[in-house]
Each structure stands twice: as C-alpha cells, then as structure tokens.
Amino acid sequence: MRVLVVGAGPVGMTAALLLARHGVPVTVLEAAPSRQLVGSRSICVQRDVLDILERAGVGAQVADVGVTWTRGRVYYHEHVVGEITFDEVGETAFPPFVNTPQTIVELLLEQRIAAEPLVDLHYDQAVVAVSQDDDGVSLSTSDTVYRGTHCVAADGGHSAVRDLLGLPFDGMSFDDRFLIADIRADLGFDRPERRFYFDPPWNPGRQVLLHPQPGGVWRIDWQVPADFDLEKEDLDARIRAIVGDADYEVVWLSVYRFHQRRVPTMAVGRILLAGDAAHVMSPFGARGLNSGVADADNLAWKIALDRRGMGGPALLASYDAERGAAADENLRVTGNTMRFLVPRTDEDRARRVDVLTRSIDDERARTEIDSGKLAAPFTYDESPLTTSGGGLCPDARLMRGERLRELGCFTVLTHWCDWQPADEWERSLVGAVLPLEQEDDTVLVDALGLNPRQAVVVRPDGHIAAVLTEPQGGIAPLITKALRRATGW
C-alpha cells in the first residue's frame with residue numbers, strides 16, 4: 001500500500017518527496033481542480049528549511065530563484081531603532097534567509113513530483129470521509145476510495161481531514177487586518193533588506209513590513225483597521241507614500257486576518273496532521289511555511305520506518321510530542337509579537353508606546369522591540385527519542401564529498417572511538433558511520449564540542465539523538481541503546 005497525502009501545498013508535496021526518498025510510494029490528493037498561482041503568500045525560507053527542501057530535491061532551486069537578504073532594519077517614525085545582520089553563507093550550503101514566493105516553491109516541488117515515479121498527484125479529489133484501522137487508512141472522495149498505510153493531512157487552515165476527525169482548532173483571531181500587496185517597483189535600495197516600520201506617518205498608529213522578492217517585486221504588509229474596505233481605499237496614495245514618484249505595478253492584492261490556533265494532537269493513529277492543518281500563526285517571524293516543512297521532515301522518516309517494521313510503538317506518537325512542542329513554541333513567540341504589534345489592552349498599548357519612544361535614544365530599549373523573532377529550528381531536547389544532546393546537528397562538508405545535511409539517514413559520527421553496526425537491524429537502520437579524525441573534520445568537531453572517544457547519533461532529519469562518551473567497556477552498547485530509543489523502542 002501507498003502513503004496518502006492530503007493537500008498539494010508546499011508541506012504536502014515536501015512530505016511526499018521525502019517519503020519517496022525513503023522508498024515509499026505516495027498518492028497526493030488535492031481538492032482544487034488545478035493549481036492557483038496567485039500572489040506571493042509565504043515568501044521567507046529559512047536556511048535549515050532550505051536544507052530540508054534540498055533533501056526533497058528543490059532546495060538549491062528555491063535559493064537560486066529567490067532574493068537573499070542579510071540585513072533587516074526597524075524604524076519608529078523616521079528613526080532607525082533596530083538592525084539585524086546575518087553572515088553570508090560561510091560553512092553552510094545556503095544563506096540565512098531567502099525570499100522566494102510560495103507560488104514558485106510550489107511550482108518547483110510539483111516539477112520534482114512529476115519526475116518522481118513513486119509519487120502520484122491527483123487534482124479535484126476533495127476528501128469527504130476518513131476511516132482507519134490497525135492496518136491502514138481509507139480516504140473517500142466523490143468518486144474514489146483510496147487506501148494507504150498512513151495519511152499525512154496537509155490540507156491547510158480549512159483542513160477537511162481535521163474536520164472529519166472531529167478535532168477542534170482552538171485559539172484566537174485578531175480584529176485588525178493586514179493589506180498585503182506585491183508591488184513591482186525600483187525603490188533604489190543598494191542591497192535587498194527587510195524593513196519594518198512602526199507608526200510611520202503614512203500609516204499612523206500601526207505598522208508596515210517591506211520585503212524584497214525576485215523580479216523587482218516588493219511585498220508590503222500594512223496593518224489596517226478591522227473595518228478596512230479595499231474598494232473604498234485610495235490605494236495609489238498608500239503606495240506612493242512608500243515608492244514616491246517611482247513607476248510601480250500592482251502584481252497582487254489581498255486582505256488577511258491573522259490567527260493563532262492549533263489542534264490538541266497532531267497524531268491520530270496513523271493520521272498525522274502537518275502545516276496549517278495542525279497550526280496557524282501570524283506570519284511575523286516567518287514561522288508558518290518554515291514550521292510546516294519541518295513537520296514534513298519529521299514525519300517522513302518516522303512513517304518510513306513504521307512501514308518497514310523498524311519503528312517502535314512510540315515512534316509515530318513522538319511526532320506529536322516533538323512537533324506539538326514546536327507548534328507551542330512558535331505560537332508563544334508569535335503571540336508575544338502580536339501583543340506588541342496589535343496590543344489588546346491598555347497596559348500593552350502603554351508598554352508599546354513607552355518602548356518605542358525610549359528606543360529613539362536608548363539602545364537598551366531597542367532589545368524590547370518585538371517586530372517578529374525570525375524562525376529557527378526547534379530543538380528536541382525534551383523528546384522521548386532523545387538520549388542526550390539534542391538540537392540540529394551543524395552542517396559540514398564530509399570527507400566523501402557530501403554535506404551532512406544531505407544524507408537523510410541515521411548517521412553515527414565517531415571521534416577517536418570505533419563502532420560498526422552489530423546486527424542486521426542496525427545495518428539496515430544506520431546509513432553512514434563517519435569517523436571524525438582528519439584535519440578537514442575539525443569544523444564539525446569544534447561545532448559539536450566533541451572530545452576524543454565520543455560519538456554522536458544523528459537522525460535522518462539532522463537532529464541529534466545522542467552525544468555519547470565511550471566508557472571502559474566500549475561504546476557499542478550505548479549507541480545501540482540510543483538508536484533503539486531514537487526509533488521509538
């Protein structure tokens with residue numbers, strides 16, 4: 001049987017391609033009759049998510065067609081009150097952030113799926129019924145019943161699968177709305193950068209976010225009142241306040257209301273919910289698409305092992321433990337940001353004004369400004385699969401020419417201690433055993449802080465399952481135990 005993926009957005013297609021990389025056949029069901037390539041939607045892709053997309057076969061393309069930015073500035077009125085800068089690529093394969101419109105990401109993923117024999121994509125297949133038993137999952141559409149060993153529900157914020165499972169989607173919605181426009185114009189910037197404006201004279205009392213996109217297009221997000229009416233708006237005046245006398249073209253317009261919601265569990269038996277089907281959050285900090293792709297990365301190797309009988313009874317459940325905790329963290333961070341951006345109480349409004357006013361002259365106050373803490377990988381330190389260590393393993397070029405993040409399998413890194421798989425289970429599970437004993441390996445040894453006679457167990461998604469020190473009797477029993485724990489046994 002195949003694995004069923006519901007939803008052909010970036011999360012669903014990434015999940016399908018990662019499953020195929022593990023040798024799993026996949027059927028993707030999309031409710032829409034065809035792909036709608038409208039607007040930028042999510043645009044900001046974080047470095048570690050580009051690594052995931054590269055394992056799916058498109059990371060380099062997403063980076064190449066996007067706009068790399070390494071500086072972001074924050075303004076209050078006309079004053080610069082904050083600046084973040086990122087290093088260039090350095091030892092990693094990708095830059096810190098790349099702005100590539102979601103429509104382009106989806107096109108690249110769909111092209112990759114078209115070339116992948118293990119993945120079938122079907123449009124106009126809205127799911128109307130869901131059931132599961134000990135052997136698999138059944139999905140019904142208007143004309144077909146599909147059967148699979150597992151199901152990935154990645155069908156967005158209005159998820160049909162979530163509703164059919166009867167899962168609540170508790171949380172809150174914000175009264176203020178946001179006008180989002182893609183504008184093609186030459187703004188005269190010397191280099192691409194993200195700009196965030198608090199209370200600019202051309203949007204008093206609210207804020208504006210400006211992001212570069214490919215092809216000379218800029219994404220502009222205006223916070224607007226709840227009663228904002230686009231049809232009555234003098235849009236040219238609003239745009240001219242930013243672009244001045246420059247010629248411009250409106251590429252796309254939309255008005256959104258942001259939400260903070262999540263399901264109580266992201267795993268229901270053999271059905272795993274991912275992306276917006278499981279959690280939605282405000283976009284400030286770029287945690288939406290990035291967290292959804294990380295969901296896909298987390299579930300793919302677990303489903304693959306479960307299908308092969310190599311995953312223990314706790315493996316599928318660990319998806320909710322790990323990605324549920326990640327969703328909680330993202331909702332906490334974005335909730336704090338929205339309290340600063342859209343204060344709902346007198347106390348929060350007073351604090352915002354105080355912080356921004358002081359930030360003009362007091363650099364210490366600038367650390368209290370919250371314009372969105374940018375996405376970063378969640379660490380699974382408290383995961384039931386983690387023995388010790390945790391966090392995303394640093395990337396590095398290996399002696400055999402590949403990068404560590406490209407491997408996509410269980411990997412054991414040894415530093416002056418010997419280990420080889422002891423039985424067929426370990427040989428089938430561990431795809432690479434890499435001694436870190438050469439001069440070229442010092443980057444990874446230093447990044448991990450390894451001492452001689454230590455070993456690191458790295459999961460297929462690049463997260464560290466264990467950092468182990470060889471005892472008197474040898475390190476093999478410790479690695480075996482860590483591998484068993486990391487696979488849900």
Side-chain angles (χ1 to χ4, degrees), residues 3-7 9 11-12 14-15 29 31 127-134 136-139 148-174 257-283 285 287-300 302-303 306 311-339 344 375 377-386 461 463 488:
V3 168
L4 306 176
V5 173
V6 184
V11 176
T14 299
L29 305 176
V127 174
V128 297
V130 176
S131 63
Q132 63 177 316
D133 52 38
D134 291 341
V137 180
S138 296
L139 301 178
T149 60
H150 302 74
C151 171
V152 177
D155 50 342
H158 299 287
S159 170
V161 176
R162 185 185 66 226
D163 291 343
L164 290 166
L165 291 172
L167 291 174
F169 205 36
D170 293 334
M172 63 171 293
S173 301
F174 292 91
R257 178 172 281 116
F258 296 140
H259 313 276
Q260 299 275 109
R261 300 182 182 277
R262 103 160 178 87
V263 290
T265 178
M266 293 175 63
V268 181
R270 292 170 173 264
I271 302 173
L272 308 182
L273 290 89
D276 286 357
H279 46 71
V280 293
M281 58 204 68
S282 84
R287 292 169 181 262
L289 181 145
N290 289 300
S291 65
V293 172
D295 291 344
D297 193 30
N298 189 284
L299 63 82
K302 294 176 179 178
I303 289 176
D306 194 58
L315 186 60
L316 282 186
S318 74
Y319 171 69
D320 176 61
E322 293 185 340
R323 295 311 301 166
D328 288 340
E329 173 66 5
N330 285 325
L331 286 166
R332 182 191 67 80
V333 170
T334 54
N336 288 340
T337 296
M338 292 304 284
R339 276 190 289 277
R344 299 162 70 95
F378 185 75
T379 61
Y380 302 133
D381 299 2
E382 304 300 322
S383 166
L385 305 187
T386 301
D461 55 10
H463 284 264

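Along the sequence shown, the residues carry numbers beginning at 1.
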To the nearest 0.5 Å, how far apart are [atom1] in [X] and [atom2] in [Y]?
X	Y	atom1	atom2	answer
Glu329	Met281	CD	CE	10.5 Å
Asp297	Asp461	CG	CG	5.0 Å
Leu139	Leu29	CG	CG	6.5 Å

Tell me every residue that passes side chain to side chain donor-acceptor pair (under 3.5 Å) with [X], counting only those two or more places apart in sequence or in another chain.
X	value
Ser131	none
Asn336	Arg339
Asp134	none
Asp328	Arg262

Answer yes or no: is there a side-chain heavy-atom contact under 4.5 Å between [X] and [Y]?
X	Y	value
Phe169	Val280	yes
Phe378	Arg323	yes
Met172	Met338	no
His150	Leu316	yes
Val152	Ile303	yes

Practice prompt. Applying ring pair (Phe, Tyr, Trp, His ring centres under 6.0 Å), name anything that partners His463, two or more places apart in sequence or on another chain.
Written response: Tyr380
Worksheet item: Would Tyr319 and Asp295 count as a side-chain contact (heavy atoms from CB on, under 4.5 Å) if you check the C-alpha gap in whole Å, the side-chain angles of each, and the deciding distance to 0.1 Å?
Response: CA-CA 8 Å; Tyr319 171 69; Asp295 291 344; 3.5 Å; yes
Do you know the tightest heavy-atom contact between [X] and [Y]?
X	Y	result
Leu4	Gly148	CD1-N, 3.7 Å
Gln260	Ser282	OE1-N, 2.8 Å
Gly488	Leu385	N-CD2, 3.9 Å
Ser159	Ala277	CB-CB, 3.7 Å
His279	Met266	CD2-CE, 4.0 Å
Leu164	Val128	CD2-O, 3.5 Å

Practice prompt. Please check if the side chain of Gln132 supplies one atom and the backbone of Val268 the other of a donor-acceptor pair under 3.5 Å.
Written response: yes
Fill in: Check: Lys302 main-chain N/O paired with Asp306 side-chain donor or acceptor under 3.5 Å
no
Discussion item. Checking Thr149 now: which residues fulfil side-chain contact (heavy atoms from CB on, under 4.5 Å) with it, not counting sequence neighbours?
Written reply: Met1, Val3, Arg270, Arg307
Worksheet entry | Full working for side-chain contact (heavy atoms from CB on, under 4.5 Å) between Leu273 and Leu167 | CA-CA 11 Å; Leu273 290 89; Leu167 291 174; 3.9 Å; yes
Worksheet item: Hey, mind stepping through Asp155 and Val127 against side-chain contact (heavy atoms from CB on, under 4.5 Å) and telling me if it holds?
Response: CA-CA 10 Å; Asp155 50 342; Val127 174; 6.0 Å; no
Discussion item. Among Asn298, Leu299, Val5, exactly one meets side chain to side chain contact (heavy atoms under 4.5 Å, CB included) together with Leu272. Which residue is that?
Written reply: Leu299
Practice prompt. Consider only side-chain N and O atoms of Ser173 and Arg261, and report whether a donor and an acceptor are under 3.5 Å apart.
Written response: yes
Item to complete: Evaluate the criterion side-chain contact (heavy atoms from CB on, under 4.5 Å) for residue pair Thr386 and Asp381; output intermediate values, then yes/no.
Response: CA-CA 6 Å; Thr386 301; Asp381 299 2; 5.8 Å; no
